[in-house]
Amino acid sequence: MYTQAMDTLAREGGQDAGGADETAALADAARQRRFDAAIDDGGFIEAKDWMPESYRKTLVRQISQHAHSEIVGMLPEGHWIARAPTLKRKAILLAKVQDEGGHGLYLYAAAETLGTSRDQMLDALHGGKAKYSSIFNYPTLTWADMGVIGWLVDGAAIMNQVPLCRCSYAPYARAMVRICREESFHQRQGYESLLTMMREGTGAQKAMVQDAVDRWWWPSIQMFGPPDSDSPNSGTSMRWGIKRFSNDDLRQKFVDATVEQARILGVTLPDPDLRWNEARGHWDFGAIDWDEFWNVVGGHGPCNAERLQARVDAWEEGAWVREAALAHARKREAAAAALPAEPLAA
Ligand code: BYC
């Protein structure tokens, strides 16, 4: 506060403007040094701490995209809640989709600590300016898609999100701890549902699982983002301890973990170039269709328009709930103000 007051004087052209500018610059340099030292030590930055504007902007970009992905991610699965084959599967799916709504709320709240309001973030989503994960722009054609989304999409999400529990921005890191615990249940329920279909299902059910794996495999490995050589944000995000691993490293970890799971399930991953590379100690995989990825990110995937419309409709149809909640809060406030003051305790 004190420094800001001096700043204002200087900007208003007071006699000491030059001196005040210099003092402000020195204070900024000292704050930058403290911030850099905290980052270099692997420390955490809290909402009240000073941070460079570019760090704040990067975090708002990533956390708001992440929040949007969670609430848009409710849509492809939401479609199947009323179509689940048994009460047990319906209850699990319902819980999972509700968790995703909760993840969106934690993440919007974490982004709000950086000074961007939820209304601003939602305006950007509804106006088609904000990004959300490419994966949610594909249709969910059969019940097997629910299992495959849990196994592959949530599996990819965990791989990407566990390192975010150590992200340098503490409110985001704290939100991610809780989210990752729930994501792990999401991944397990998906895998277990596929195992049941593959072990106890009919031939048609097994074919349905394979078809879902064929459709979701490539979009799932695209989720990690463009190759490192084509990822403009990775360098700074890694230097700032926001991202701990590169897009390609996480993608490789995911492929390495998933190949064995596919074998146990008894499904084939749709990549003829997938083979163990003894020298690298990793699975090699085929070329990813980045034109398809950018097309989807650019708004032209199979379901982009439908997903965005569903969010806009939900916002507009929910207007009366927001108005009623505000009216209720105002009424309570007025009633509290009208009450006689409590006598002071002796
Ligand atoms: N889809 O420089 P890069 C979930 C954009 S939620 C769309 O590598 P960065 C789940 C990127 O934003 C899944 N856009 O960026 C929920 C950037 O554009 P801008 C979401 C993508 O940020 C419900 C440009 O491409 N997870 O799993 O360093 C149910 C260049 O990329 C994508 C998160 O959000 C994509 N796939 O790295 C089930 C996790 N990839 O902003 C599951 C947090 C890249 O410059 N986010 N872009 O215009 C991250 O870890 C990072 O933001 C990313 C991208 C790895 C996604």
Side-chain angles (χ1 to χ4, degrees), residues 54 57-78 80 93 95-104 106-108 110-111 124-125 128-138 140 145-146 148-167 169 172-173 175-176 179-180 182-187 189-190 216 218-240 242-251 254 288 290 292-301 304 307:
S54 43
K57 229 171 127 187
T58 293
L59 282 166
V60 171
R61 180 186 66 77
Q62 176 165 328
I63 304 172
S64 64
Q65 285 177 5
H66 193 167
H68 299 326
S69 302
E70 295 284 354
I71 62 162
V72 175
M74 297 167 78
L75 300 170
E77 293 172 301
W80 281 92
L93 186 59
K96 178 180 193 287
V97 173
Q98 283 176 345
D99 283 352
E100 280 149 11
H103 297 174
Y106 312 153
L107 291 166
Y108 283 124
L125 175 67
K129 285 188 235 101
K131 289 193 170 72
Y132 58 85
S133 184
S134 49
I135 193 77
F136 302 118
N137 293 306
Y138 292 87
T140 45
D145 289 26
M146 295 304 95
V148 171
I149 287 180
W151 173 39
L152 296 181
V153 176
D154 289 274
I158 293 171
M159 201 55 92
N160 165 276
Q161 293 176 13
V162 166
L164 292 174
C165 298
R166 288 191 297 118
C167 161
Y169 187 57
Y172 188 26
M176 291 315 302
I179 291 175
C180 285
E182 292 173 356
E183 291 291 5
S184 140
F185 148 67
H186 296 174
Q187 197 270 355
Q189 67 78 37
W216 289 94
W218 290 104
S220 297
I221 62 173
Q222 289 173 354
M223 275 176 77
F224 294 92
D228 295 351
S229 54
D230 218 1
S231 162
N233 301 300
S234 277
T236 28
S237 286
M238 288 182 73
R239 184 157 46 79
W240 279 329
I242 297 173
K243 283 167 86 158
R244 300 277 176 181
F245 295 95
S246 78
N247 298 357
D248 284 334
D249 285 350
L250 289 171
R251 191 174 1 256
F254 173 72
I288 296 173
W290 291 114
E292 179 195 325
F293 171 78
W294 289 117
N295 192 46
V296 174
V297 173
H300 310 294
N304 294 61
R307 300 288 185 242

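Below, all heavy atoms of this structure are taken into account, side chains as well, without hydrogens, waters or symmetry copies. Indexing begins at 1, ligand by ligand and atom by atom, following the structure's order.
- Classified by interplanar angle (parallel below 30°, tilted 30° to 60°, perpendicular above 60°), the ring pair F224/F254 is tilted.
- The aromatic rings of W290 and F293 stand perpendicular to each other, their planes meeting at an angle above 60°, with 30° marking the opposite boundary.
- Contact between T58 and S237 at its shortest, heavy atoms only, is CG2-OG, 3.6 Å.
- Salt bridge annotation for R251-D248: present, with a cationic side-chain nitrogen under 4.0 angstrom from a carboxylate oxygen.
- Put simply, SG on C180 and CZ on F185 are 15.0 Å apart, with the number rounded to the nearest 0.5 Å.
- Ordered by chain and residue number, the residues placing a heavy atom less than 4.0 Å from ligand 1 are R61, Q62, Q65, H66, S69, E70, E100, K131, Y132, S133, S134, F136, V153, D154, A157, N160, Q161, L164, Y172, Q222, M223, F224, G225, P226, S231, P232, N233, S234, K243, N247, F293, W294, V297.
- A donor-acceptor pair shorter than 3.5 Å can be found between the side chains of E183 and H186.
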